Each structure stands twice: as structure tokens, then as C-alpha cells.
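Please read the structure below before turning to the comments.
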Amino acid sequence: NKLTAAQSNGDIPSSYVSQDFSGTGLETGTEHGTAVAEAVYDVAPQAQFYFYKIEDLTDFENAKNACKTNGVQIVNHSMGWFNTGGYYDGTGSACNIASDAITNGILWVNAAGNSAEKHYRATFVDNGSGYHSFGVGASVNPIGPDPTSAWYHNVGEVITICMNWNNYPITDQDYDLYLYRYTGTYWTSVSSSTRRQTGSISPEESISYTNSTANGMYGIRVRKYSATTNVDFTLFSLGKSIGYRTNASSLTDPATVTDV
């Protein structure tokens, strides 16, 4: 968004190549891409700029191919991807796109992600009832500033949680993800992701839930539904920070690729 205004102000180059792979319009959505372009223009004002708008992995693949076709030498990708087929270890669809560009001589520069306070990783510990123990007596991880409190969410605010575990590409270790709301006296389930991992699908669950309660407070639970091992699993909140968190290993894809 605001690409034309930035050009009029001299904050981006007077000429550039652009393509909207999303089909939603080059100047719709947030201003993030324009802000990144302004920052790069400040330090490389004489470069030839290519602006590609994407929304999903198909767009991402197409934009990468366009970079190869057009002889682009440096890519700045200030985005992070979640649950794309790898355990944040340089593998999976998003990482494969960056790796292919690098193999073809492109220098790939990527955002590390702002997820250090929105990330949790641990080996599953059963609290005695099939749910993960985030701490002593704590089977709920509050979406909040610390383990003892939760953030308020406005009506209409979207809460998105992604979970995966280290059993790629497909698994029969079946875990589930739950979102709970705090009523003031107890936690009650409001949404869940319960894909059945029976050996034919990936170890991934995700929830996207729209808050409909004024000052809603939420927390996350993880359940072992049917598994013979306690898996190494990861949670990401795509919105507010979470109380129990793991700052380390919080890079998002494709920043996890070794050569990025």
C-alpha cells in the first residue's frame, strides 16, 4: 500500500518493475512492503528495483521464478512463513523456494521474524490427563505478557496459532491444538484443530479464531490424542506474545535456511 505516494515523495525510485501475483492489487493491504522498499532504497538508491506482491506459497514460487527470469541478484523477503512442511530447520516449501533462488546465484536476505516472545518449543510432558504441562500445574499457556496473566483482545481481533512437531514429512503421532477463553473463573474451550495424523498427513495443526467477546482473554492447550512418543513440538502465536515462551529457535521460514 501507498507505493504511489512513496514514489511521489521520492522515497522509492522513480521507475521500477512490479507485478501483483496475488491478484488483489499492488496497492491494497498493509504498508509493510512499501516501508521495506523505502529502507532498501535509502542504502541502494541506484539499484534496479523489482516489487512483487504475494499472498500464498504459489505466489511466492511464481515471484521467485520471475526473479530468476529477470536476472535479479538480491532478494529482500521481509516475511516469515509457518507450517509449510518442515520443522523450522531449513526444509519445507517456503525454504525450498529460497534454496532454489540461492542455487541459481541469488543472494537471499530474509527477516528473522519478530517471534521471540510469540514462540514456544518443548518436548511434550503429560500433566496426567493427556495435556501438555507448560509449568507446574499449568496446562494452559496464556496469550499474555507472562505465565500468570493474559492480554485483552478487542472484538473482531483475530487470534492465530500454529503448531507442528518434529515428525515430518508424515506421522502417526497424533497431537491436537486447542484455544481457550478465560471467563473470569475458569478456562473454556472455544476452538480446536484436530487433524487425524494416522500416518498419511503432516504433523501440523493451526487455529484462526475471531474474538467476539469484549476484552477476551485466551490461552493455548496441547493434547496428546494418540501417540506412542512424547514429541518435540513448536507453537507460534501470529499476534500477541504468549506467557510461556522460548526465545531460542524462534526463526521463521525461510530464515532457517543455512545460506539465507
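Everything numeric here is computed off the predicted structure, so don't read it as measured data.
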Apply side chain to side chain donor-acceptor pair (under 3.5 Å) to residues Ser18 and Lys53 and explain how you reach the verdict. CA-CA 8 Å; Ser18 65; Lys53 182 177 178 181; over 6 Å; no
Evaluate Val257 against Thr91 for side chain to side chain contact (heavy atoms under 4.5 Å, CB included), listing each step before the verdict. CA-CA 7 Å; Val257 175; Thr91 63; over 6 Å; no
Side-chain touch [X]/[Y], heavy atoms, less than 4.5 angstrom:
X	Y	answer
His119	Thr252	no
Trp108	Pro254	yes
Asp172	Asn167	no
Val222	Asp176	no
Val17	Phe49	no
Val109	Val260	no
Phe236	Met163	no
His153	Ser212	no

Going by the rule side-chain hydrogen bond (donor to acceptor under 3.5 Å, both in side chains), which residues pair with Asn164 if we only count those two or more places apart in sequence or in a different chain? Tyr168
Could you tell me which residues satisfy side-chain hydrogen bond (donor to acceptor under 3.5 Å, both in side chains) with Ser193, sequence neighbours excluded, listed by chain and number?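 Checked Ser193 against side-chain hydrogen bond (donor to acceptor under 3.5 Å, both in side chains); matches are Glu205.
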Should [X] and [Y] be regarded as members of a common hydrophobic cluster, given that ILVMFWY residues are connected when their side-chain heavy atoms come within less than 4.5 Å of each other, either directly or indirectly?
X	Y	result
Val36	Tyr52	no
Ile207	Tyr180	no
Val72	Phe60	yes
Trp165	Trp81	no
Val190	Tyr131	no

Mind running side chain to side chain donor-acceptor pair (under 3.5 Å) on Thr234 and Tyr87 for me, showing each step along the way? CA-CA 8 Å; Thr234 288; Tyr87 196 58; 2.9 Å; yes
Which of these passes side chain to side chain contact (heavy atoms under 4.5 Å, CB included) with Tyr88: Asn166, Leu251, Asn83?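 Of all the options given, the one that passes is Asn83.
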Please check if the side chain of [X] supplies one atom and the backbone of [Y] the other of a donor-acceptor pair under 3.5 Å.
X	Y	value
Asn9	Asp11	no
Glu157	Asn211	no
Asn70	Ala66	yes
Gln197	Ile170	no
Gln73	Ile106	no
Ser115	Lys118	no
Asp20	Thr24	yes
Asn1	Gly29	yes
Gln19	Ala63	no

To the nearest 0.5 Å, tell me how far [X] [atom1] sits from [Y] [atom2].
X	Y	atom1	atom2	answer
Lys64	Asn104	NZ	CG	7.5 Å
Arg221	Ser192	CZ	OG	12.5 Å
Asn154	Tyr152	CG	OH	12.0 Å
Ser249	Arg121	OG	CZ	5.0 Å
Ser93	Glu61	OG	CD	9.0 Å
Ile159	Thr210	CD1	OG1	8.5 Å

Between [X] and [Y], which heavy-atom pair has the shortest distance, and what is it?
X	Y	value
Asp59	Ser22	OD2-CA, 3.4 Å
Ser208	Thr160	OG-OG1, 3.4 Å
Asn247	Ser250	O-OG, 2.9 Å

Under 3.5 Å, is there a donor-acceptor pair linking the side chains of Asn215 and Thr213? no
Do Asp253 and Thr256 pair up side chain to side chain, a donor and an acceptor below 3.5 Å, judged on atom types alone? yes
Lys240 and Glu117 ion-paired at < 4.0 Å: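 Salt bridge between Lys240 and Glu117, a charged N being under 4.0 Å from a carboxylate O: no.
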For residues 122-131, the salt bridge (Lys or Arg N to Asp or Glu O under 4.0 Å) pairs (sequence neighbours left out) are none
List the steps and the verdict of side chain to side chain contact (heavy atoms under 4.5 Å, CB included) for Val125 and Asn230. CA-CA 7 Å; Val125 176; Asn230 293 326; over 6 Å; no
Step by step, work out the side chain to side chain contact (heavy atoms under 4.5 Å, CB included) result for Val40 and Ile12. CA-CA 9 Å; Val40 176; Ile12 62 171; over 6 Å; no
Candidate pair Gln173 and Thr229, rule side chain to side chain donor-acceptor pair (under 3.5 Å), full reasoning: CA-CA 7 Å; Gln173 302 301 293; Thr229 60; 3.0 Å; yes
Hey, would you say the Tyr218 and Tyr182 ring centroids sit under 6.0 Å apart?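 No.
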Between Tyr120 and Tyr244 (judged by ring centroids, cut-off 6.0 Å), do the two rings come close enough to count as a pair? no
Begin with the C-alpha distance, continue with both residues' side-chain angles, and end with the deciding distance and a verdict on ring pair (Phe, Tyr, Trp, His ring centres under 6.0 Å) for His132 and Tyr175. CA-CA 10 Å; His132 177 65; Tyr175 285 75; 9.3 Å; no
Could you go step by step and tell me if Tyr178 and Ile220 meet the side chain to side chain contact (heavy atoms under 4.5 Å, CB included) rule? CA-CA 6 Å; Tyr178 293 86; Ile220 305 162; over 6 Å; no
Aromatic ring pairing Phe233/Phe134, orientation class (parallel under 30°, perpendicular over 60°, tilted between): perpendicular
If you count the non-hydrogen atoms of other residues, nucleotides and ligands that lie under 6.0 Å from CG in Asn114, is the total more than 12? no
Passing option when Asp174 is tested against Arg195, Lys224, Arg196, Arg223 for salt bridge (Lys or Arg N to Asp or Glu O under 4.0 Å):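 When Arg195, Lys224, Arg196, Arg223 are each tested with Asp174, the salt bridge (Lys or Arg N to Asp or Glu O under 4.0 Å) holds only for Arg196.
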For Ser149 and Asp146, run side chain to side chain donor-acceptor pair (under 3.5 Å): C-alpha distance rounded to whole Å, both residues' side-chain angles, the deciding distance at 0.1 Å, then the answer. CA-CA 6 Å; Ser149 54; Asp146 57 61; 3.0 Å; yes
